[in-house]
Amino acid sequence: QVQLVESGGGLVQAGGSLRLSCAVSGLTLSTTNIGWFRQAPGKEREFVAAIISTGTSTYYADVVKGRLTISKDNARNTVYLQMNIVNGDDTAVYYCSAGAPWVLRTLQSTYRYWGRGTQVTVSS
């Protein structure tokens with residue numbers, strides 16, 4: 001059974017940092033592409049970042065480029081999203097997802113597995 005469990009969310013001040021984790025079971029990270037998405041209040045869920053199965057390539061939404069970093073530890077079967085210099089627009093529920101073809105990495109409909117999300121709230 002495939003499970004993705006996000007953690008690390010919480011309340012953070014604007015300008016601060018936070019690291020989200022996604023613990024993956026039932027899948028082998030070395031052969032699975034992983035994505036992070038987020039959904040802010042009243043908005044649709046949007047793509048944030050993705051990392052290819054080999055770990056050799058990453059991709060980011062323009063709005064987070066340079067501030068958020070996706071990485072993974074295959075030995076721990078865990079994917080991370082390091083969030084730096086956060087701002088109010090980063091307030092959202094963050095979801096980890098798995099299984100999309102790399103060429104379709106930004107399309108949530110192509111991801112087969114999803115976690116339940118972790119809330120990130122940025123205070124001013």
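Note that the structure is a prediction, hence the values are computed from the model and not measured.
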Problem - Thr78 side-chain N/O to Ala23 backbone N/O, donor-acceptor pair under 3.5 Å - result: no
Practice task
Could I get the full list of side-chain hydrogen bond (donor to acceptor under 3.5 Å, both in side chains) partners for Asn84, not counting sequence neighbours?
Solution key: Ser17, Gln82
Exercise for the section: Give a yes or no answer on whether the side chain of Thr110 reaches the backbone of Leu107 with a donor-acceptor pair at less than 3.5 Å. Expected result: yes
Handout entry: Separation of Met83 CE from Leu20 CG (nearest 0.5 Å)
Key = 5.5 Å
Practice task
Using distance alone, with no hydrogens and no angle criterion, decide if Arg38 and Tyr94 have a side-chain donor and acceptor under 3.5 Å apart.
Solution key: yes
Fill in the blank from the handout: In this structure, OG of Ser21 is separated from CZ of Arg76 (nearest 0.5 Å) by 10.0 Å
Exercise for the section: To the nearest 0.5 Å, tell me how far Ser97 OG sits from Phe37 CZ. Expected result: 4.5 Å
Exercise for the section: Identify the two heavy atoms, one from Ala49 and one from Leu81, that lie closest to each other, and give their separation to 0.1 Å. Expected result: CB-CD1, 4.3 Å
Exercise for the section: Look at the aromatic rings of Tyr59 and Phe47 and report parallel, tilted or perpendicular, splitting at 30° and 60°. Expected result: tilted
Problem - Nearest heavy-atom neighbours spanning Ile70 and Ile34 - result: CD1-O, 4.1 Å
Exercise for the section: For residues 61-124, pull every pair meeting disulfide bond (SG atoms under 2.5 Å apart), keeping only residues two or more places apart or in separate chains. Expected result: Cys22-Cys96
Exercise for the section: List the steps and the verdict of side-chain contact (heavy atoms from CB on, under 4.5 Å) for Leu68 and Val48. Expected result: CA-CA 9 Å; Leu68 274 59; Val48 174; 3.6 Å; yes
Problem - Crowding at OH, Tyr60 (>12 non-hydrogen neighbours, <6.0 Å) - result: yes
Handout entry: Thr54 and Thr56 side chains, donor-acceptor separation under 3.5 Å
Key = yes
Handout entry: Donor-acceptor contact present, side-chain Tyr111 to main-chain Arg105, <3.5 Å
Key = yes
Practice task
Output the distance between atom OG1 (Thr58) and atom NZ (Lys72), rounded to the nearest 0.5 Å.
Solution key: 11.5 Å
Completion exercise
To the nearest 0.5 Å, atom CG of Leu27 lies from atom CD of Gln3 at 10.5 Å
Problem - Side-chain donor/acceptor of Arg45 to backbone N/O of Gln39, under 3.5 Å - result: no
Practice task
For the pair Arg116 and Glu6, find out whether any cationic side-chain nitrogen is under 4.0 Å from an anionic carboxylate oxygen.
Solution key: no
Completion exercise
Rounded to the nearest 0.5 angstrom, the CG-OG1 distance for Asn74 and Thr31 is 9.0 Å
Problem - For Ser124 against Ala14, the heavy-atom pair lying closest together - result: CA-CB, 4.4 Å
